[in-house]
Amino acid sequence: MIRSATTGAAARPGPEDIPNGPGDPAPAPGPAPAGWRDIQPELSAEPYVFAAGEPPPGVSPFAVIREDEGVTLVLARADADRAGLAYDYVAARITLRVGSALTDVGLTALFSRTLADAGISCNVIAGLAHDHLFVGWDQGARALALLGEL
């Protein structure tokens, strides 16, 4: 129970009483793990696409993202073509084989800044084991080379 500083009476907790709420600064992030110096990027040989809708029978998407606006499928272009799914964006998939945790701070900033500085758009999906970056198909080799320098 929280007591009012002026009356001593019980008071309801406010936003400032919530850990990491408006009244508390977020804890300082720890240093980036040393292993990030070699993020081990690996470029998939096949192009990927983003399509709308539920996966058709027989199609096994790389990822299914459910948003308020609908379902997004991330899948190999060949699978989308076979299923007759429409798409606009064709991407190269780069998997970072470096060991990292979902709670690590700074890995996404590290590679996204590198790609942004080179004018390369990047869409990221984080799994439990690896981060997967999707860049324009024509930028895949260039992005791989940039990431290999980190």
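Residue numbers start at 1 and run along the sequence shown. These figures come from a predicted structure and were not determined experimentally. Hydrogens, waters and symmetry mates are skipped; everything else that's a heavy atom, side chains included, is used.
- Atom CG of D88 sits in a sparse spot, with 12 or fewer heavy atoms from other residues, nucleotides or ligands closer than 6.0 Å.
- Aromatic ring centroids of F134 and F50 lie under 6.0 Å apart.
- F62 and L75 are assigned to two separate hydrophobic clusters, defined by single-linkage of ILVMFWY side chains at heavy-atom distances under 4.5 Å.
- The two residues R66 and V71 make their nearest non-hydrogen contact at NH1-CG2, 3.2 Å.
- L115 is not connected to W137 by any chain of hydrophobic side-chain contacts under 4.5 Å among Ile, Leu, Val, Met, Phe, Trp and Tyr, and they are in different clusters.
- Checking T95 against H130 by side-chain atom types alone, no donor-acceptor pair falls below 3.5 Å.
- For the residue pair L43 and A92, the shortest heavy atom distance occurs at CD1-CB, 3.8 Å.
- Considering CD of E149 and CD1 of I39, their distance stands at 11.0 Å, rounded to 0.5 Å.
- Looking at Y48 and D79, their side chains never bring a donor and an acceptor atom within 3.5 Å of each other.
- Two different hydrophobic clusters hold Y87 and V74 under the rule that ILVMFWY side chains link at heavy-atom gaps under 4.5 Å.
- Heavy atoms only, all atoms of each residue included: F111 and C122 are closest at CE1-SG, 4.4 Å.
- The main-chain N or O of V49 is never found under 3.5 Å from a side-chain atom of Y89 such that the two would form a donor-acceptor pair.
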